[in-house]
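Order of the sequence lines fixes the chain letters, A, B, ..., with proteins taken first and strands second; residue numbering starts at 1 for each chain.
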Amino acid sequence: MDLFFWLSKLYEFIRIRFYRYPKFPLLNLPYVAMKQVIRSMSVSERIKLSQTSKRMRNYVILSRVVSEYCEVHIRDKYSFLYFSTLNAMFYCGRKLESSTNSEVLTNRDYGIWLNKKGTSLDNVTTIFQRTHLVLYPIKILGADIQTILSIPCFQKCDHISVYCGFTVTSEFLDAVMDFAKNSRCVTLERCSLSSEDINILLKHWITSEFNMFKMLKIEFEEDRKGGVVRFCREVLFEGITVLRAVLRQNPCYLIATNSQNQLKRDILVCQFHDQILKMITESNDKIRLVTGINGTPCREVHKVLKLLDKKKELEMNVLDEKSLQERHILHMQLETYGVCFKDNFAFLQ
Amino acid sequence: MSCEEPTTSPTPENNITVVSSDGKEFLLDLKLTEQSETLARLISNFEYDRTDVKKDPVPLGNITSAQMQKIIEWLQHHRYYPKWEQNDIHYSTSFTFETWVEEYLNIPNNEMFELLNAANYLNIPRLFSTICRIMASRITGKSAEQIRTVLNIKTDVKNDVYTGIPIQEDSSSSEDGMSEISLSPSPPPI
């Protein structure tokens, strides 16, 4: 019995090991089954498979998975793309981090796609296009922003994160803000703009006739002596009507646009956190501020800000009986919304 | 488990008979059939789970007796496993299978292909996904040429991507690869 058992084991071993492996005709599988087999492969396996034939390449494309989020990091020879859904990192050259849970692909896996004499940006663009994935919010880190944004495939990105350093030219900022035009998100890292510069930007936003950005996040650089940047409210909002309130449990400053056009995002919300200034544009209808008046949310931020504007205008005029009466009526109206005044700033109770 | 060697006491009430393409009959416990969506749906449609319904043998024309034997072995092993949840999108760098599964699927590629077809026909997601992953692992680390050999792919690329040497073109494929793809089987001749 034992001999028979061992003989059958030996036969099995020889059959598997020494018999020339028969083929697995993948293309003969039904389409759904084939798609499943391809999807269960890693990215590098799929890339290899796509190189076997044009027909196979098309099947690989048909079996692709949509990536909801992709990050493009442009860092010279360590540039890479990261696809969250696939949990895969595509390096242009060698990999930077040694320990990662993601699948890491280097130029060895797709060397044939890359131009050896090409720049890192060329290679990133090539891989980006080759991956054939649907491109949704994309984060770009890079210095030469004008060049990056001129590449068509990167113009679809929803988010751009730029490292500024100490020197920020006006052309650089123009390029970034041009990109942000269609309600996109921008992060300026290690930025050295002053409170006066931000004040000019805010005034420009108020008079602007189009949606400038969806979110502008400025991470300020520590000053040259290593000190922390302090925002000066008075300088930042000089000549601007603001309303201090609490939005989603965070203190913020609200500004309304003066645009004659019906803009989709007509309210700007300013928030400070340490060295970060966050400016989010929102539609008036979507802002719900919790006030102390009957605990009801204030839905007319735009109206309150316009009243504050009018109040400011009246305060600049000569005091006469008529203006005094108007100011009194305005005060009464503002009180109904729960608006108080402290240190020359209006705030919601 | 086949009808010849039942492990549990088979009673006609909680069993159905399936017939393979070569005419061999297998007695299947209803509990086992829950793992196969095709059989589970069939049982539910014909109300075979009721004791008062006469159970006709189910013909499985696409599955041979050898494949059926192998599949029953799989179903028996995973009898008390929780329901399979599909999470095919997230590839993990550390795919591991239990020793039993590795031994069970230590079979030549052609047998693996037949088993995959059978798992697809019977819609057994756990077996299907496992075979898919094992098959994918068999091409890991192989060059395009080696993958062509294993997966029986005839190239339609004019030059080898690595060597640049011209390759004999696949006569069955046209210039545009997309035209080759059909999502449904060709209609039967009238």
**Study point:** B/Tyr104, OH atom: more than 12 neighbouring heavy atoms under 6.0 Å
**Key:** yes
**Study point:** B/Lys70, NZ atom: more than 12 neighbouring heavy atoms under 6.0 Å
**Key:** yes
Point to revise | Minimum heavy-atom distance between B/Phe128 and A/Gln36, given as atom pair plus value | key: CE2-CG, 2.9 Å
Practice item. For residues B/Ala144 and A/Thr52, report the shortest heavy-atom separation together with the two atoms involved. Key: O-CG2, 3.5 Å
Review point. So which residues of residues 113-120 of chain B are in contact with chain A at a heavy-atom cut-off of under 4.5 Å?
Key: B/Phe113, B/Leu116, B/Asn117, B/Asn120
Practice item. Check side-chain hydrogen bond (donor to acceptor under 3.5 Å, both in side chains) between A/Gln271 and all other residues, then give those that pass, not counting sequence neighbours. Key: none
Check your understanding: With B/Thr140, which residues qualify under side-chain contact (heavy atoms from CB on, under 4.5 Å), at least two apart?
Key -> A/Glu45, B/Ser137
Atom pair [atom1] ([X]) and [atom2] ([Y]), whose distance is rounded to the nearest 0.5 Å:
X	Y	atom1	atom2	answer
B/Ile153	A/Tyr59	CD1	OH	11.0 Å
A/Phe24	B/Asn152	CZ	CG	11.0 Å
A/Ser42	B/Ile139	OG	CD1	8.0 Å

Study note, to complete from the structure: Hits for salt bridge (charged side-chain N to carboxylate O under 4.0 Å, His left out) against B/Lys142, two or more places apart or cross-chain, chain-then-number order -> none
Practice item. Could you check which of A/Leu27, A/Leu26, A/Leu29, A/Val37 has the highest count of heavy-atom pairs closer than 4.5 Å to chain B? Key: A/Leu29
**Study point:** Residue B/Met112 versus chain A: region with a heavy atom under 4.5 Å
**Key:** both
